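Not measured: the values here are computed from a predicted model.
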Amino acid sequence: MTAHKPLLLLDVDGPLNPFAAKPHRRPEGYSTHRMKPDTWIAQHVGVPERLVKPLRVWLNPSHGAALQELPFELVWATTWEHDANEWIGWRIGLPREENLPVIEFGSQFVQRSDGTYVKTWRVVEYAAGRPFAWVDDQIGDIDREYVAKHHDGPALLHWIDPARGLTADDFALLADWAAALTPKEDTDGHRP
Ligand SMILES: [Mg+2]
């Protein structure tokens, strides 16, 4: 069976970088990185690059393997955009030579009048009806309602606590969700 796998849309800050954890206590299993990606420098308008304070990012080097074991096609859905391939992916153990696809938000990353999260409409557009799960710390019921109305296919919007990041329970939930999507063939190989 060669049907497309569902998409797993990955936010960085929150799910992979539990930035809201207590600042003086690095979460267990995480390493501390200090970095100055282009998107971070761009937020410091008028500040010379050398004076921009590096961004502290906590990353868990086991997350890459855990994500790759899931039956999904991985896609970045983060304001880091292409910086996620350059700065994040390989540090969590994803293969350095294989960039993940990136949902570009660019100048469209603006507040929405309907109250949905800024990424939501673009995520629906990108998925184009394909089943997807989305892990993010800034999604809620209003986004679920929007997706139910505008996305013609299965979707899971799974909120992640930015003080904890992705946990084993989250990985199990994602695996279960994907497994429930797969139509099962009977044991003789016949399809119903
Ligand atoms: Mg986030």
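- Not counting sequence neighbours, the partners of D114 by the side chain to side chain contact (heavy atoms under 4.5 Å, CB included) test are R112, T116, Y146.
- H158 is linked by a ring pair (Phe, Tyr, Trp, His ring centres under 6.0 Å) to nothing, counting only residues two or more places apart in sequence or in another chain.
- The closest side-chain heavy-atom distance from Y126 to L7 is below 4.5 Å.
- When the side chain to side chain donor-acceptor pair (under 3.5 Å) test is applied to S31, no partner is found at least two apart in sequence or on another chain.
- Not counting sequence neighbours, R164 has no partner by the side chain to side chain donor-acceptor pair (under 3.5 Å) test.
- Under a 4.5 Å side-chain heavy-atom cut-off, the cluster of Ile, Leu, Val, Met, Phe, Trp and Tyr residues that includes Y30 is completed by W58.
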Side-chain polar contacts of residues 64-76 - donor-acceptor pairs under 3.5 angstrom, sequence neighbours left out - could you list them?
unit_1, atom_1, unit_2, atom_2, d
E73, OE1, R130, NH2, 2.8
W76, NE1, N85, OD1, 2.8

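- Residues meeting the ring pair (Phe, Tyr, Trp, His ring centres under 6.0 Å) test with H44, sequence neighbours left out: W40.
- Partners of A172 by side chain to side chain contact (heavy atoms under 4.5 Å, CB included), not counting sequence neighbours: none found.
- Residue L9 holds its CG atom at 11.0 Å from CG of L100, rounded to the nearest 0.5 Å.
- Judged as a side chain to side chain donor-acceptor pair (under 3.5 Å), and not counting sequence neighbours, the contacts of H82 are E104.
- Among residues two or more places apart in sequence or in another chain, the side chain to side chain contact (heavy atoms under 4.5 Å, CB included) test is passed with A128 by none.
- Taking A155 as the reference, F132, V147, H151, L157 meet the side chain to side chain contact (heavy atoms under 4.5 Å, CB included) condition, with sequence neighbours excluded.
- Looking at every heavy atom in both residues, W134 comes nearest to I139 through CH2-CG2, 3.4 Å.
- With sequence neighbours left out, the side chain to side chain donor-acceptor pair (under 3.5 Å) criterion links T120 to D143.
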